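First comes the structure, then the notes that go with it.
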Amino acid sequence: MVKNSSEDSDTLVASMPLVVDLDGYEGPLDALLALARRQQVDLTQISILELAEQYLAFIENARQLRLEIAADYLVMAAWLAYLKSRLLLPNSQCDEGPSGQEMAARLAFQIRRLGAMRNAAEQLMGFNLLGRDVFARGAPEGVNIIRSNVYDVSLYDVLRAYADNRTREEGSRLSIEPRALFSVDEALERLTSLVGRIPDWETLERFLPSGIRNDHEHRAALATTLAATLEMTRSGRLLLRQSAPFSPIHVRRAKRDSENGSDDG
Amino acid sequence: MSKVEKEVRILEALLFAASDPLDRKSLVAQLPVNCNIELLLERVRELYADRGVNLVCVAGRWCFRTAPDLAHFMQREVTMPRRLSRAATETLAIIAYHQPITRAEIEEIRGVSLSRGTLDLLLQAGWIRLRGRRRTPGRPVTYGTTISFLEYFGLEDIESLPGLDELKAAGLLQPMPPENIGEGDAEP
Amino acid sequence: MSKVEKEVRILEALLFAASDPLDRKSLVAQLPVNCNIELLLERVRELYADRGVNLVCVAGRWCFRTAPDLAHFMQREVTMPRRLSRAATETLAIIAYHQPITRAEIEEIRGVSLSRGTLDLLLQAGWIRLRGRRRTPGRPVTYGTTISFLEYFGLEDIESLPGLDELKAAGLLQPMPPENIGEGDAEP
């Protein structure tokens with residue numbers, strides 16, 4: 001941290017090595033405020049040019065120390081380098097946009113404003129705070145006069161409730177797509193309608209439904225169709241054959257005496 | 001100010017701020033050392049004897065109490081503020097954000113059915129009102145918030161409610177990690 | 001006992017028994033008719049000026065508080081509020097002085113973006129509230145302070161913020177430097 005008190009003299013400031021500790025600052029404006037406080041006690045009199053140089057030196061120093069410098073510090077450095085050039089150049093070219101002086105004044109304003117707010121915050125925290133310095137009646141006797149609000153709920157509670165609800169909602173809106181898988185019932189129905197057309201051994205694969213889009217559906221259809229053939233085999237309507245483990249499964253209509261030759265259509 | 005007077009002031013402050021009557025021991029522990037607690041208590045008792053607040057000793061412990069003769073000035077029906085239930089708060093928030101909204105829509109957003117009293121309670125509190133009827137089958141009643149709602153919550157108009165992005169920016173709305181799905185516990 | 005003295009006693013008792021600061025209206029409603037509330041409050045204030053408990057006006061409402069100089073005799077661990085970070089106190093101060101103010105404006109003053117929890121924490125503590133929306137593109141939400149803020153810091157009203165007049169006079173509460181230089185974007 002740059003200590004910011006008791007260094008009024010410019011020569012002293014100039015001779016002071018810059019202490020580089022980026023963690024000590026909350027952003028470039030904060031760093032500039034700290035540098036400005038070194039420069040002068042009265043923030044209304046800051047020299048922006050000098051401040052720009054100090055800041056650039058500060059960033060350069062940090063770079064040499066190979067400290068990681070956040071992007072906004074570098075943006076500020078680039079902007080200050082530009083401002084410095086604007087301030088140093090004679091104001092001859094009458095381009096649009098604010099002059100160097102105007103830009104400097106605005107920056108000085110921002111620094112003063114941040115400084116003022118920081119002082120105000122310190123002053124506020126130095127007040128006699130309720131519960132820290134002064135205390136309310138510890139045991140009010142409960143005569144709560146004119147309190148027309150029956151419910152104790154703040155806007156914060158309402159917002160919180162809504163936010164929680166939305167959070168739950170976002171998290172739980174999990175729509176499960178209906179899976180177009182072939183069911184055993186469907187396979188049974190399909191095979192039943194086809195069974196008359198399987199006079200000879202055919203591979204099971206041939207009886208899968210059409211419109212299968214991927215391997216996943218294919219495997220599911222194969223499993224349900226197999227289950228259906230097993231069921232139909234059990235009830236004596238089909239025959240199944242597999243010559244070796246993992247080899248293709250073949251299906252054939254079971255010839256039943258009663259149906260022989262009659263149900264081919 | 002004499003030493004005793006100073007100690008009397010401390011004793012007053014301690015007794016005032018205490019949430020329970022204090023016994024001699026705890027008083028002595030908080031007062032400066034070597035003070036005469038009996039003398040101090042007697043002083044305070046005398047000081048406040050004719051005031052609106054008196055020092056009394058109950059069960060060996062000391063506290064301030066309003067003077068008994070003023071009891072009838074202290075009486076006023078006490079409407080102790082009750083906490084609004086979570087369900088009611090959430091319902092109120094949903095109505096505020098989605099008005100005009102029907103009961104069924106509220107239930108859909110909350111994911112649970114609305115218990116009978118919730119809307120009644122909010123209507124009674126004067127925060128919501130009937131807005132009209134939806135032009136859909138069954139013509140369900142729609143609800144919205146009232147002027148009292150705005151006044152109570154210090155809102156200029158209903159547009160002043162922060163949007164989802166703003167809730168997010170204020171840190172209220174937090175993305176929920178997927179692990180929590182199904183537990184219904186969105187507390188961060 | 002004179003009429004005024006009697007009324008002073010009642011006022012003491014009322015203020016003492018109340019759990020929250022009381023405004024003039026509530027006090028008048030409880031006191032006997034035709035009493036001079038200003039005079040009574042002044043009397044009580046004087047009576048307690050040097051006592052261990054003082055009458056103070058916070059947020060335009062009256063209450064007793066322990067004398068600030070006795071702070072170190074009070075049992076701190078009981079209600080010690082959690083320490084606010086520098087970012088949080090600074091944000092609170094900026095909101096107090098610049099209200100109504102948007103999140104973007106707070107960030108501009110601080111020169112850094114606001115971390116997620118800061119506003120949430122201040123909202124939860126009940127010190128800030130939503131004020132409305134700025135009539136600018138995007139209609140951003142604006143924030144301001146609450147009555148609890150005044151109570152916590154013991155301020156009579158928002159005009160009592162330290163140095164408010166000086167800051168105003170120095171133009172530091174305006175969005176732009178007092179000279180109001182150009183529209184050039186000098187944003188760092």
Side-chain angles (χ1 to χ4, degrees), chain B residues 1 5-19 22 26-27 29-32 44 47-48 50-54 64-76 78 80-81 150 153-163 165-174 188, chain C residues 1 5-19 26 29-32 44 47-48 50-54 64-67 69-71 73-75 78-79 100 102-104 114-124 129-133 138-144 146-147:
Chain B
M1 196 178 289
E5 270 175 75
K6 219 171 166 175
E7 289 166 357
V8 162
R9 290 182 70 233
I10 301 169
L11 183 56
E12 287 172 338
L14 288 173
L15 289 167
F16 172 82
S19 55
L22 295 171
S26 32
L27 285 169
Q30 297 206 65
L31 283 159
V44 174
L47 260 168
Y48 288 86
D50 295 325
R51 305 240 52 84
V53 167
N54 309 142
F64 280 123
R65 284 276 182 267
T66 52
D69 65 307
L70 302 176
H72 62 287
F73 289 101
M74 306 279 116
Q75 268 161 10
R76 179 112 190 176
V78 183
M80 278 305 271
L150 297 178
F153 292 103
L155 293 165
E156 218 166 85
D157 48 44
I158 202 68
E159 299 298 309
S160 306
L161 281 174
D165 291 348
E166 284 155 332
L167 288 176
K168 226 171 248 173
L172 278 155
L173 189 61
Q174 275 162 10
Chain C
M1 194 180 290
E5 268 176 76
K6 219 170 167 176
E7 288 166 358
V8 162
R9 289 184 70 230
I10 302 169
L11 183 56
E12 286 173 338
L14 288 171
L15 288 166
F16 191 88
S19 56
S26 323
Q30 292 295 110
L31 282 161
V44 174
L47 258 168
Y48 286 86
D50 294 325
R51 304 240 53 84
V53 169
N54 309 142
F64 280 122
R65 290 280 189 258
T66 58
D69 65 307
L70 303 177
F73 290 101
M74 311 304 294
Q75 228 174 12
V78 190
T79 45
T102 66
R103 180 197 180 87
L114 221 46
S115 83
R116 190 146 275 209
T118 308
L119 287 176
D120 185 40
L121 188 144
L122 295 174
L123 280 165
Q124 195 167 18
R129 65 188 176 93
L130 297 157
R131 286 267 311 245
R133 285 184 184 275
R139 306 203 66 225
V141 162
T142 58
Y143 296 92
T146 61
I147 289 190

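None of these values were measured; they are calculated from a predicted model. Throughout, protein chains are lettered first and strands after them, A, B, ... in sequence-line order, and every chain is numbered starting at 1.
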Closest non-hydrogen atoms of C/G52 and B/A13, given as atom of the first, atom of the second and distance, are O-CB, 3.5 Å
Across all chains, not counting sequence neighbours, the side-chain contact (heavy atoms from CB on, under 4.5 Å) partners of B/P162 are A/L159, B/Y97, B/E166, B/L167, C/L130, C/V141
Report task. Name the orientation class of the two ring planes belonging to B/F64 and C/F16 (parallel below 30°, tilted from 30 to 60°, perpendicular beyond 60°). Result -> perpendicular
Applying a strict 4.5 Å limit to non-hydrogen atoms, the region of C/R51 in contact with chain B is both
Whatever's closer than 4.5 Å to a heavy atom in chain B on C/R65 counts as backbone
Most heavy-atom pairs under 4.5 Å with chain B, out of C/L31, C/T118, C/T66, belong to C/T66
For C/G132 and B/S160, the nearest pair of non-hydrogen atoms, with its separation, is CA-OG, 3.6 Å
Turns out that what part of B/N54 lies under 4.5 Å from chain C's heavy atoms comes down to neither
Nearest heavy-atom contact between B/A17 and C/M74 is CB-CE, 3.5 Å
Here the gap from C/I10 atom CD1 to B/D69 atom CG, rounded to the nearest 0.5 Å, amounts to 8.5 Å
Between C/R133 and B/G163, the two heavy atoms sitting closest are NH2-N, 3.6 Å
Per-residue tally against chain B (heavy atom, under 4.5 Å) across C/R129, C/R103, C/K6 peaks at C/R103
C/D50 meets the side-chain hydrogen bond (donor to acceptor under 3.5 Å, both in side chains) criterion, sequence neighbours left out, with none
The interface call for C/L47 against chain B, heavy-atom contacts under 4.5 Å, is side chain
Closest non-hydrogen contact found for B/F73 with C/Q30 is O-NE2, 2.9 Å
Rounded to the nearest 0.5 Å, the CG atom of C/L70 sits from the CG atom of B/L11 at a distance of 11.0 Å
